[in-house]
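Order of the sequence lines sets the chain letters (A, B, ...), proteins ahead of strands, with each chain counted from 1.
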There are 2 protein chains.
Amino acid sequence: MSPRPAVRPGGRSARVQRAVHDAVRELEADQGRAALTIPLIAARAGVTPSTIYRRWGDLQDLLADVAVERLRPETPPADLGGLRQDLEAWAAGFLEEMSSPPGRAYIRDALTGDPDAGNAGQCSAYALQQVEVILSRAVERGEHVPDADTVMDHVVAPMMYRVLFRPGLLDAQYARDLVATLFYRLMPLP
Amino acid sequence: MSPRPAVRPGGRSARVQRAVHDAVRELEADQGRAALTIPLIAARAGVTPSTIYRRWGDLQDLLADVAVERLRPETPPADLGGLRQDLEAWAAGFLEEMSSPPGRAYIRDALTGDPDAGNAGQCSAYALQQVEVILSRAVERGEHVPDADTVMDHVVAPMMYRVLFRPGLLDAQYARDLVATLFYRLMPLP
DNA sequence: AGCTTAACGCAAAGTTCTTGCGTCAAGGGT
DNA sequence: ACCCTTGACGCAAGAACTTTGCGTTAAGCT
């Protein structure tokens, strides 16, 4: 995993981490990402630069840490009463969030400087978890459901691919089309 | 697009670009990516650091430029006589290349520091082009073929998603399984 | 051949990064 | 409740990297 701290999560360390994360978000909003430097962030957070260098390593690692936190879903997927509706709504919201400029920036931050894909893996785990909530609710209703990996491969992956590699080919309908393809062609036969 | 030069592609500029690109690859092989710095690259290439700063901006932009060049396919996809065989072979080779440590590193380099996804878009265009070669050959044979975008969404995208977000879930069989799913479930009905 | 101008080298100034050392406080034990 | 151990922080000096102005070179054009 990346240099996520959490070694001694007590009072002071936690305070520093929060101050630094807040400083990153404030400066990012104020000055834009290109203006971010570690000395600047440290000054805003009220710590010395060397503290950040020691805990996070470099700017990329710090931004990756912040990005993963920002990409964590805040609420479970809405329950609309049926698998198809739940998946469509979740996929549309997910695509909306990920294709926005800040969303794309966070994804790229989470991907960079991360040889073993620890941060990126965490993001994928968040999405997988949301999908599994939707699927297990559908199972309880007695619906036929696809594998979570099938949803990841044929709904989440195409959206993320276009977000990262082919921006401009994205709208809310695309998410619904992928779910439709999942239902009409990829669903296990009942 | 990124600060790719090409403004005055004449003798000297071309020489400098080649020397710098070569220096990046040599140092990357010798010392590892973590050791790369612009002054080091400049020294190896026989230019002054300011030349690199002016032409490429920073290390990320330079690495992205090198990565796109390295990710350009060197040969058209093999013609094995049938769409399914061609796609399976190409997908397996593509996955093999992209999932290798250097492959993943190049992809991440191409993605980073690239707000408008110019470099990443180029990589996707390379893959699309290869797919289109395979598909148009199949059309000439009179085979039924899927859309290129369908192949991108349901074969290329899942592979790239796992390369970036879920390493460890990858083997050559996965590529073949995706092509099999394309054929049995996603193909247009004849 | 001469002209125009993008691109390069050099060097100085500014900023960022690294590192050693002393200090502080979190977590744990007596 | 108090002390002990140790990870984390602040400070400051030194090193490395980045930026920038200016003179020079050579590519592309007429």
Engineer: Do the side chains of B:Asp153 and B:Asp147 get nearer than 4.5 Å, heavy atoms only?
Structural biologist: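 They are not in side-chain contact.
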Engineer: For A:Ile52 and D:dA8, what is the distance between atoms CD1 and P respectively, to the nearest whole Å?
Structural biologist: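 That distance rounds to 15 Å.
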Engineer: Does the ring of B:Phe183 carry B:Arg84 above it, NZ/CZ under 6.0 angstrom from centre and within 45° of its axis?
Structural biologist: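 Yes; both conditions hold, so B:Arg84 lies above the ring face of B:Phe183.
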Engineer: Are the side chains of B:Tyr126 and B:Val68 in touch, meaning some heavy atoms are under 4.5 Å apart?
Structural biologist: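 Sidechains of B:Val68 and B:Tyr126: in contact.
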Engineer: Would you mind telling me which of D:dC9, C:dA7, D:dG10 lies closest to the side-chain atoms of A:Ser13?
Structural biologist: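 Comparing D:dC9, C:dA7, D:dG10 against the side chain of A:Ser13, the answer is D:dC9.
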Engineer: Looking at A:Tyr161, is A:Arg166 sitting on its ring face, NZ or CZ under 6.0 Å from the six-membered ring centre and within 45 degrees of the normal?
Structural biologist: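 That pair does not qualify as a cation-pi contact.
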Engineer: Would you indicate whether the side-chain heavy atoms of A:Asp61 and A:Arg55 approach each other to under 4.5 Å?
Structural biologist: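 No, every pair of side-chain atoms sits at 4.5 Å or beyond.
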Engineer: Please produce a list of atom pairs where a protein N or O lies less than 3.5 Å from an N or O of nucleotides 16-21 of chain C.
Structural biologist:
| residue | atom | partner | partner atom | Å |
| --- | --- | --- | --- | --- |
| C:dT16 | OP1 | A:Thr37 | OG1 | 3.2 |
| C:dC17 | OP2 | A:Tyr53 | OH | 2.0 |
| C:dC17 | O5' | A:Tyr53 | OH | 2.8 |
| C:dG20 | O6 | A:Arg54 | NH2 | 2.2 |

Engineer: Would you say a side-chain N or O of A:Thr51 is under 4.0 Å from OP1 or OP2 of D:dC9?
Structural biologist: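 So the side-chain polar atoms of A:Thr51 never come under 4.0 Å of the phosphate oxygens OP1 or OP2 of D:dC9.
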Engineer: Can you list the steps and then say if A:Glu28 with A:Gln31 is a side chain to side chain contact (heavy atoms under 4.5 Å, CB included)?
Structural biologist: CA-CA 6 Å; A:Glu28 204 168 359; A:Gln31 321 252 2; over 6 Å; no
Engineer: Side-chain contact, heavy-atom cut-off 4.5 Å: A:Met98 with A:Met160?
Structural biologist: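 Yes. Closest side-chain heavy atoms under 4.5 Å.
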Engineer: Quantified as the angle between the terminal helix axes (five pairs each), what is the overall bend of the helix from C:dA1-D:dT30 to C:dT30-D:dA1 to 10 degrees?
Structural biologist: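 Angle reported: 40°, given to the nearest ten degrees.
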Engineer: Roughly, in whole Å, what's the span from CZ in A:Arg12 to C1' in C:dA25?
Structural biologist: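 So the two atoms are 5 Å apart, to the nearest Å.
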Engineer: Heavy-atom distance under 4.5 Å between the side chains of A:Asp149 and B:Arg162, does that happen here?
Structural biologist: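 Side-chain contact under 4.5 Å: yes.
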Engineer: Starting at CH2 of A:Trp56 and ending at C1' of D:dC9, how long is that distance when rounded to a whole Å?
Structural biologist: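 Answer to the nearest Å: 12 Å.
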Engineer: Roughly, in whole Å, what's the span from CD1 in B:Ile41 to P in D:dA16?
Structural biologist: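 Distance, rounded to whole Å: 17 Å.
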